[in-house]
Amino acid sequence: DKGNHRHFMLKEIYEQPVVVAQTLRSYIRPLEEQVALPDMDFDLSSIERVVIIACGTASYVGMIGKYWIEQFARLPVEVDVASEYRYRDPVLLPNTLGVVVSQSGETADTLAALRHMKEAGVTTAGIINVPTSSMAREVDLLMPTHAGPEIGVASTKAFTCQLAVMAALAVNLARVKGKLDEVQEREIVHHLVEVPAAINEALAYDDAIADMADTIADARDVLYLGRGTDFPLALEGALKLKEISYIHAEGYASGEMKHGPIALIDDNVPLIVIAPSGPLFDKTVSNMQEAQARGAKVVLISDADGLAQAGEDAVATIEMPKVHPLIAPIVYAVPVQLLAYHVAVAKGTDVDQPRNLAKSVTVE
Ligand code: M6R
């Protein structure tokens with residue numbers, strides 16, 4: 001049932017404040033203000049490295065997880081798409097935690113990668129939305145997302161719920177590795193608890209985003225830029241736009257622009273820049289300005305401070321609430337999803353059932 005919404009995708013975008021809160025609730029002990037994972041029958045503190053495997057949107061959760069786990073737990077993290085991981089000859093060292101991320105829990109390549117890791121004797125964990133799925137049954141530690149059924153082929157609420165669980169995993173690893181004291185953990189928990197409200201604030205820009213969709217709907221190519229955890233979000237934005245609007249889109253790490261993609265820039269190529277204010281902001285803005293100098297039409301997604309500093313020459317801006325850098329990728333996912341959605345609606349494509357795509361990819 002789509003409720004009052006025109007498409008399942010839009011309904012699922014709007015469910016995010018509730019389902020992300022629901023997911024966070026099962027990973028946060030409110031009294032202790034601590035993160036908590038489900039019970040496990042192995043010693044998490046013995047983990048010395050993490051390998052994260054997934055496909056598509058779930059793989060971007062893995063990339064963001066890499067930034068978080070490295071930053072907080074100081075453990076080395078490797079991320080790969082399942083279809084590459086399973087066919088190369090990966091080096092699996094002792095004391096590795098192998099993490100799979102999957103909405104369906106049935107994606108054939110991710111399942112095969114999970115079995116490969118298990119056969120190699122690696123302890124496995126899964127961030128999975130369908131609790132009865134094959135992956136949910138086979139991982140050593142199931143970390144469920146509580147997004148509820150996701151019908152739209154384009155993943156939205158599963159993505160933000162997966163990020164919430166990934167953040168909990170990073171914080172828990174950091175604690176057991178002695179890299180986070182109580183005060184620091186409490187502070188992070190406070191930021192996580194703010195996520196649902198911040199998503200609500202982001203949703204308030206729905207109409208404004210719908211109004212700018214026409215400027216992108218006519219483009220043949222669109223580029224997305226981001227740095228740090230906003231780089232995987234740039235990849236996610238491009239994937240979402242491709243999937244449902246059929247516009248060719250690519251996401252790049254901001255600093256990579258000058259190593260090739262800037263050659264594509266002219267006034268027909270919209271550039272979506274995802275840049276919350278903060279330590280990485282100035283660098284990304286200078287990449288953005290290099291593109292603007294070559295005629296790029298920029299849509300800048302930032303907070304009030306960022307827009308005041310660099311929004312002047314943008315053809316459009318999307319204002320996000322000011323949030324802590326940790327939770328920014330969860331909150332900034334919302335305008336990225338809405339932009340893809342409204343461009344697809346403007347183009348009249350089948351948003352919930354895009355051509356050539358299946359919700360669950362059970363073929364290799
Ligand atoms: O069910 P999974 O999370 O394992 O699916 C992985 C990808 O097939 C999926 O995220 C795909 O990229 C989505 N259609 C993205 O919107």
Side-chain angles (χ1 to χ4, degrees), residues 7-13 15-16 19 23 52-65 79-86 98-115 117 124-139 142-166 224 232-247 249-251 329 333-334 336-341 343-344 349-364:
H7 296 99
F8 279 108
M9 182 181 175
L10 192 61
K11 171 176 177 256
E12 288 163 1
I13 290 173
E15 278 171 359
Q16 290 178 116
V19 292
T23 299
I52 309 174
I53 306 298
C55 297
T57 286
S59 76
Y60 305 141
V61 173
M63 291 175 70
I64 292 172
V79 188
D80 208 346
V81 291
S83 56
E84 284 304 310
Y85 182 79
R86 59 179 295 210
V99 182
V100 289
V101 186
S102 177
Q103 188 286 128
S104 64
E106 300 294 350
T107 301
D109 283 321
T110 311
L111 183 59
L114 170 64
R115 290 178 176 160
M117 291 194 281
T124 58
I127 300 178
I128 296 161
N129 196 42
V130 178
T132 52
S133 61
S134 306
M135 282 182 232
R137 275 182 274 120
E138 293 183 28
V139 287
L142 173 60
M143 294 181 286
T145 42
H146 300 288
E150 191 182 62
I151 308 295
V153 164
S155 184
T156 53
K157 62 177 180 168
F159 177 72
T160 44
C161 287
Q162 285 161 352
L163 285 174
V165 177
M166 187 59 90
Y224 286 73
L233 209 51
L235 299 174
E236 166 64 359
L239 178 65
K240 216 95 296 177
L241 191 70
K242 278 187 264 216
E243 279 190 294
I244 58 172
S245 76
Y246 313 144
I247 295 174
E250 298 300 337
V334 174
V336 159
Q337 296 163 349
L338 285 170
L339 191 62
Y341 173 77
V343 172
T349 53
D350 186 344
V351 170
D352 286 331
Q353 283 293 334
R355 68 185 182 202
N356 308 342
L357 292 172
K359 180 65 186 159
S360 176
V361 184
T362 52
V363 291
E364 302 188 352

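Because only heavy atoms are used, hydrogens play no part in the values below, and waters and symmetry mates are left out as well, while side chains stay in. Just follow the structure's listing: the first ligand is 1, and inside any ligand the first atom is 1.
For atom 8 (O) of ligand 1, the closest non-hydrogen atom on the protein side is Val361 CG2, 4.0 Å. The protein atom (non-hydrogen) at minimum distance from atom 4 (O) of ligand 1 is Thr107 OG1, 2.4 Å. Regarding atom 7 (C) of ligand 1, its nearest protein heavy-atom neighbour is Cys55 O, 3.6 Å. Remark: minimum distance from atom 3 (O) of ligand 1 to any protein heavy atom is reached at Gln103 N, 2.6 Å. If you check which protein heavy atom lies closest to atom 15 (C) of ligand 1, you get Thr57 OG1, 3.0 Å.
Contacts between Glu106 and ligand 1, counted as non-hydrogen atom pairs separated by less than 4.0 Å, are absent for every part of the residue. Contacts between Glu243 and ligand 1, counted as non-hydrogen atom pairs separated by less than 4.0 Å, involve the side chain only.
For the residue pair Glu106 / Ser360, no side-chain donor-acceptor distance below 3.5 Å is found, with atom types taken as modelled. In this model, a donor atom of one side chain and an acceptor atom of the other lie less than 3.5 Å apart for Gln337 and Gln16. In the model, Glu236 has a side-chain atom that pairs as donor or acceptor with a side-chain atom of Thr57 under 3.5 Å.
A salt bridge does not link Lys157 to Glu150: none of the charged nitrogens lies less than 4.0 Å from a carboxylate oxygen.
Interface atoms of ligand 1 facing Gly56, defined by a heavy-atom separation under 4.0 Å, are 12 (O). Atoms of ligand 1 lying under 4.0 Å from any heavy atom of Ser104, numbered from 1 in the order shown and given with element: 1 (O), 2 (P), 4 (O). Distances below 4.0 Å separate heavy atoms of Lys240 from the following atoms of ligand 1: 15 (C), 16 (O). Residue contact check: Ser155 has heavy atoms under 4.0 Å from atoms 15 (C), 16 (O) of ligand 1.
Under the 4.0 angstrom criterion for non-hydrogen atoms, Val153 is in contact with ligand 1. Distances from ligand 1 to the non-hydrogen atoms of Ala154 include at least one value under 4.0 Å.
Under the rule for a ring pair (Phe, Tyr, Trp, His ring centres under 6.0 Å), the partners of His7 that lie at least two apart in sequence or sit in another chain are Tyr341. Listed by chain and number, the residues in a side chain to side chain contact (heavy atoms under 4.5 Å, CB included) with Ser83 are Val81, Asp109 (sequence neighbours excluded).
Heavy atoms only, all atoms of each residue included: Ile64 and Pro329 are closest at CD1-CB, 3.9 Å. When all heavy atoms are compared, the tightest approach of Met63 to Val79 is N-CG1, 3.9 Å.
The shortest side-chain heavy-atom distance between Val100 and Ile127 does not fall under the 4.5 Å cut-off.
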